[in-house]
Amino acid sequence: MPVIDGATAPTFTVPHVTATGLAAPSRGSAETCMWRFTMDPGAPTGIHQVDREEIFVILSGRALATIDGAEHPLGPGDALVVPAHTPFGIANPHEEPVEMVAVLPVGGQAIMPGQDPFVPPWAR
């Protein structure tokens, strides 16, 4: 079983978020992807979908999830289970960063408005 060193794992930056790729096919995982997100204070909600179930666990900070139009506050230790093909987003309306991990099956694709589905780079 491969060990992925979090200190040297690849990082990817998109507006308001840094993703650290942990488990993914390029790092030895055959079935499950996992990454760590750091979300900046004031990050807006980016509503999108995924084609497989995705799970988030908040490690530190607080976030506000929107799933299918309903808002859900999240704090350390909380888990968010997002069903496949359900519009959702996570925002950080607070003054401190949010740290979370996310898990998605290998091959899971993000579905952004106006774009073709794609596998996020941290999950490849």
Side-chain angles (χ1 to χ4, degrees):
M1 179 164 108
V3 173
I4 295 98
D5 180 359
T8 61
T11 59
F12 306 86
T13 302
V14 296
H16 308 289
V17 175
T18 299
T20 301
L22 298 171
S26 66
R27 292 174 289 287
S29 178
E31 297 183 18
T32 306
C33 294
M34 182 176 170
W35 53 90
R36 184 175 65 236
F37 280 134
T38 301
M39 183 177 285
D40 295 337
T45 302
I47 299 294
H48 62 291
Q49 299 178 37
V50 288
D51 69 346
R52 311 267 187 92
E53 178 181 83
E54 186 171 19
I55 300 170
F56 297 85
V57 177
I58 306 299
L59 302 175
S60 65
R62 295 176 296 138
L64 183 63
T66 302
I67 299 179
D68 221 6
E71 292 187 340
H72 306 276
L74 302 172
D78 292 344
L80 173 68
V81 179
V82 179
H85 300 286
T86 301
F88 82 99
I90 301 174
N92 179 4
H94 307 289
E95 295 182 7
E96 74 262 355
V98 174
E99 292 277 337
M100 65 185 99
V101 294
V103 178
L104 182 73
V106 165
Q109 296 187 335
I111 305 165
M112 308 293 284
Q115 296 182 24
D116 290 333
F118 65 94
V119 175
W122 45 82
R124 294 183 190 151

What heavy-atom pair brings [X] and [Y] nearest, and what distance separates the two atoms?
| X | Y | value |
| --- | --- | --- |
| T38 | P97 | CG2-CB, 4.3 Å |
| M39 | A91 | SD-C, 3.7 Å |
| A63 | H94 | N-CD2, 4.2 Å |
| D51 | Q109 | OD1-N, 2.6 Å |
| T20 | G6 | CG2-O, 4.2 Å |
| A24 | A123 | CB-C, 3.9 Å |

Group every Ile, Leu, Val, Met, Phe, Trp and Tyr by side-chain heavy-atom contacts under 4.5 Å, then state whether [X] and [Y] land in the same group.
| X | Y | result |
| --- | --- | --- |
| I111 | F56 | no |
| I90 | F12 | yes |
| W35 | L80 | yes |
| V14 | V101 | no |
| L59 | V103 | yes |

Close side-chain approach of [X] to [Y], heavy-atom, < 4.5 Å:
| X | Y | value |
| --- | --- | --- |
| V98 | F37 | no |
| H48 | F88 | yes |
| R27 | L22 | no |
| N92 | D40 | no |
| W122 | L104 | no |
| Q49 | P87 | yes |
| T45 | L64 | no |
| P105 | C33 | no |

Audit row: V82, E53, side chain to side chain contact (heavy atoms under 4.5 Å, CB included) steps and yes/no: CA-CA 6 Å; V82 179; E53 178 181 83; over 6 Å; no
To the nearest 0.5 Å, what is the distance between [atom1] on [X] and [atom2] on [Y]?
| X | Y | atom1 | atom2 | answer |
| --- | --- | --- | --- | --- |
| I55 | T32 | CD1 | OG1 | 9.5 Å |
| E54 | T86 | CD | OG1 | 11.5 Å |
| H72 | T66 | NE2 | OG1 | 8.0 Å |

Side-chain donor/acceptor of [X] to backbone N/O of [Y], under 3.5 Å:
| X | Y | value |
| --- | --- | --- |
| S26 | R124 | yes |
| R62 | E96 | no |
| D78 | I58 | no |

Give a yes or no on whether E95 atom CD has more than 12 heavy-atom contacts from other residues, nucleotides or ligands under 6.0 Å away.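 It does not: E95 CD has 12 such atoms or fewer within range.
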Is it the case that over 12 heavy atoms from other parts of the model lie below 6.0 angstrom from the CG atom of D68?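 Correct, the count exceeds 12.
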